[in-house]
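Numbers here simply count residues along the sequence, with the first being 1. Because only heavy atoms are used, hydrogens play no part in the values below, and waters and symmetry mates are left out as well, while side chains stay in.
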Amino acid sequence: MCNVAVIEFFIENALPEEFWGRRVLEVGSRYVNGSVRPLIERFLSPREYIGVDIEPGRFVDVVCPAELLVNCFGEDSFDVVISTEVIEHVRDWRLVINNMKRVLKPGGYIYITTRSRGFPYHGYPHDYWRYEVEDLREIFADFEIITLTRDHLEPGVFLKARKPLNWRPRDLSDIALYSMILGRRTRDIPS
């Protein structure tokens with residue numbers, strides 16, 4: 001999903017020097033109802049833009065589940081990682097976010113947009129979690145957070161952060177999120 005506020009977030013926060021001549025990875029890139037890819041490719045001139053998703057489709061260059069990003073691309077492979085409206089749909093959000101952090105080069109930028117509590121269930125293919133500003137602040141405590149704001153149109157959160165040169169991963173095991181399945185905050189969803 002890519003609502004107008006997501007496009008506005010990129011227009012306001014994506015700087016040409018972060019993208020020009022760089023490698024970009026978009027996680028969850030399959031075109032469903034909008035994409036930031038044409039905006040970035042046309043106006044920010046990355047050297048390479050790779051879209052990954054769990055199934056083929058428009059804007060998908062590589063079929064690869066987000067849980068296997070490091071296996072597919074290796075650590076420190078990309079200058080920018082983008083994920084719009086994906087992390088609420090992955091069951092093992094810790095693994096996926098850690099993989100996005102690991103494929104990003106030190107000094108690189110990550111852009112994430114996701115949904116918050118109050119946004120309706122949208123199970124395509126699944127819908128597990130809701131994130132608040134405070135959740136992303138905790139999850140990305142090991143990054144330099146540049147922008148962390150709420151979606152002004154619908155319940156959601158937008159993040160732009162930079163991976164430190166001396167990055168040390170934060171242990172995410174103690175973080176509980178709001179589960180759409182259980183209707184409460186939890187660390188894990190039972191099988």
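Here the CD1-CG distance, from Ile110 to Leu159, works out to 7.0 Å after rounding to the nearest 0.5 Å. Going from atom CG of Leu69 over to atom CG of Asn98 covers 11.5 Å, rounded to the nearest 0.5 Å. Here Ile112 contributes atom CD1 and Leu148 contributes atom CG; the two are 10.5 Å apart, rounded to the nearest 0.5 Å. How far CZ of Arg94 is from CG of Asp92: 7.5 Å, rounded to the nearest 0.5 Å. One finds the CZ atom of Phe59 at 9.0 Å from the OG atom of Ser29 (value rounded to the nearest 0.5 Å).
Side-chain heavy atoms closer than 4.5 Å link hydrophobic residues (I, L, V, M, F, W, Y) into clusters, and following such links, possibly through other members, connects Leu44 to Ile146. Transitive grouping of hydrophobic side chains (ILVMFWY, heavy atoms separated by less than 4.5 Å) brings Ile11 and Val36 into a common cluster. Residue Phe78 is grouped with residue Val27 when hydrophobic side chains (ILVMFWY) are merged at heavy-atom distances under 4.5 angstrom, including chains of intermediate members. Connection of Ile145 to Met100 is established within a shared hydrophobic cluster, with ILVMFWY side chains joined at heavy-atom distances below 4.5 Å, either directly or through further cluster members. Residues Trp167 and Ile139 share a hydrophobic cluster, clusters being chains of Ile/Leu/Val/Met/Phe/Trp/Tyr side chains in contact below 4.5 Å.
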Should Phe143 and Lys101 be marked as a side-chain contact (heavy atoms from CB on, under 4.5 Å) after you check the CA-CA gap, both sets of side-chain angles, and the distance that decides it? CA-CA 9 Å; Phe143 271 47; Lys101 289 178 176 182; 3.7 Å; yes
Between Asn99 and Asn71, does the side-chain hydrogen bond (donor to acceptor under 3.5 Å, both in side chains) criterion hold? Intermediate values first, please. CA-CA 9 Å; Asn99 269 303; Asn71 297 27; over 6 Å; no
Report the C-alpha distance between Glu85 and Val6 in whole Å, list the side-chain angles of each, state the deciding distance to 0.1 Å, and finish with yes or no for side-chain contact (heavy atoms from CB on, under 4.5 Å). CA-CA 9 Å; Glu85 312 305 308; Val6 171; 3.7 Å; yes
Check step by step if side-chain contact (heavy atoms from CB on, under 4.5 Å) holds for Val103 and Leu25. CA-CA 9 Å; Val103 298; Leu25 176 69; 3.9 Å; yes
Does Ile40 form a side-chain contact (heavy atoms from CB on, under 4.5 Å) with Ile82? I'd like the steps, not just the answer. CA-CA 11 Å; Ile40 290 167; Ile82 295 169; 3.3 Å; yes
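Partners of Val62 under the side-chain contact (heavy atoms from CB on, under 4.5 Å) rule, at least two apart in sequence or in another chain, are Ile50, Val52, Cys64, Phe73. With sequence neighbours excluded, the residues forming a side-chain contact (heavy atoms from CB on, under 4.5 Å) with Glu134 are Glu132, Arg137, Arg150, listed by chain and number. The side chain to side chain donor-acceptor pair (under 3.5 Å) search around Asp135 returns Arg185, not counting sequence neighbours. For Phe43, the side-chain contact (heavy atoms from CB on, under 4.5 Å) partners are Leu39, not counting sequence neighbours. Applying the side-chain contact (heavy atoms from CB on, under 4.5 Å) rule to Ile54 yields the partners Pro65, Pro125; only residues at least two apart in sequence or on another chain are considered. Here His126 pairs with Tyr128 under the ring pair (Phe, Tyr, Trp, His ring centres under 6.0 Å) rule; sequence neighbours left out. A search for ring pair (Phe, Tyr, Trp, His ring centres under 6.0 Å) contacts involving Phe158 returns Phe9, not counting sequence neighbours.
Within 6.0 Å of CZ on Arg91 lie more than 12 heavy atoms contributed by other residues, nucleotides or ligands.
Across all their heavy atoms, Ala5 and Asp151 have their closest contact at CB-OD1, 3.1 Å. The heavy-atom pair separating Val157 from Ser116 by the smallest distance is CG2-OG, 3.1 Å. Considering all non-hydrogen atoms of both residues, Gly118 and Pro155 come closest at C-CG, 3.7 Å. Pairing each heavy atom of Pro164 with each of Pro106, the nearest pair is O-CB, 3.7 Å. Between Ile87 and Ser83, the shortest heavy-atom contact is CG2-OG, 4.2 Å.
Among residues at least two apart or in separate chains, ring-ring contact (aromatic ring centres under 6.0 Å, His included) pairs with a member in residues 97-117 are Phe10-Tyr111, Phe19-Tyr111. Pairs passing the salt bridge (charged side-chain N to carboxylate O under 4.0 Å, His left out) check and including a residue from residues 63-72, sequence neighbours excluded, do not occur. For residues 20-29, every residue pair satisfying the salt bridge (charged side-chain N to carboxylate O under 4.0 Å, His left out) rule, not counting sequence neighbours, is listed here: Arg23-Glu48.
You'll find the side chain of Glu75 stays beyond 4.5 Å of the side chain of Lys105, heavy atoms only. At least one side-chain heavy atom of Val90 sits less than 4.5 Å from a side-chain heavy atom of Trp93. The side-chain heavy atoms of Trp129 and Thr186, taken from C-beta on, include a pair separated by under 4.5 Å. Two residues are said to be in side-chain contact when any heavy atoms from C-beta on lie closer than 4.5 Å; Arg168 and Asp142 fail this criterion.
A salt bridge does not link Arg102 with Asp76: none of the charged nitrogens is closer than 4.0 Å to a carboxylate oxygen. In this structure, Glu18 pairs ionically with Lys160, as a charged nitrogen and a carboxylate oxygen lie closer than 4.0 Å. Ion pairing between a basic and an acidic side chain is recognised when a charged N comes within 4.0 Å of a carboxylate O; Arg130 and Glu88 show no such pairing. Under the 4.0 Å criterion applied to side-chain N and carboxylate O atoms, Arg115 and Asp127 are not assigned as salt-bridge partners.
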For residues 171-183, run the donor-acceptor check on the side chains, cut-off 3.5 Å, and write out each pair with its distance to 0.1 Å, sequence neighbours left out.
unit_1, atom_1, unit_2, atom_2, d
Asp171, OD1, Ser173, N, 3.0
Asp171, OD1, Ser173, OG, 2.9
Asp171, OD2, Ser173, OG, 3.2
Asp174, OD1, Arg170, NH1, 3.3
Tyr178, OH, Gly183, O, 3.4
Ser179, OG, Ile181, N, 3.1
Ser179, OG, Leu182, N, 2.9

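In this structure a side-chain-to-backbone donor-acceptor pair under 3.5 Å is present from Lys163 to Leu104. Looking at Arg30, its side chain never comes within 3.5 Å of a backbone N or O of Gly57 through a donor-acceptor pair.
Applying the 4.5 Å side-chain rule to ILVMFWY residues, one finds that Trp20 remains a lone member of its cluster.
Counting only N and O atoms by type, the side chains of Thr147 and Asn13 include a donor and acceptor under 3.5 Å apart.
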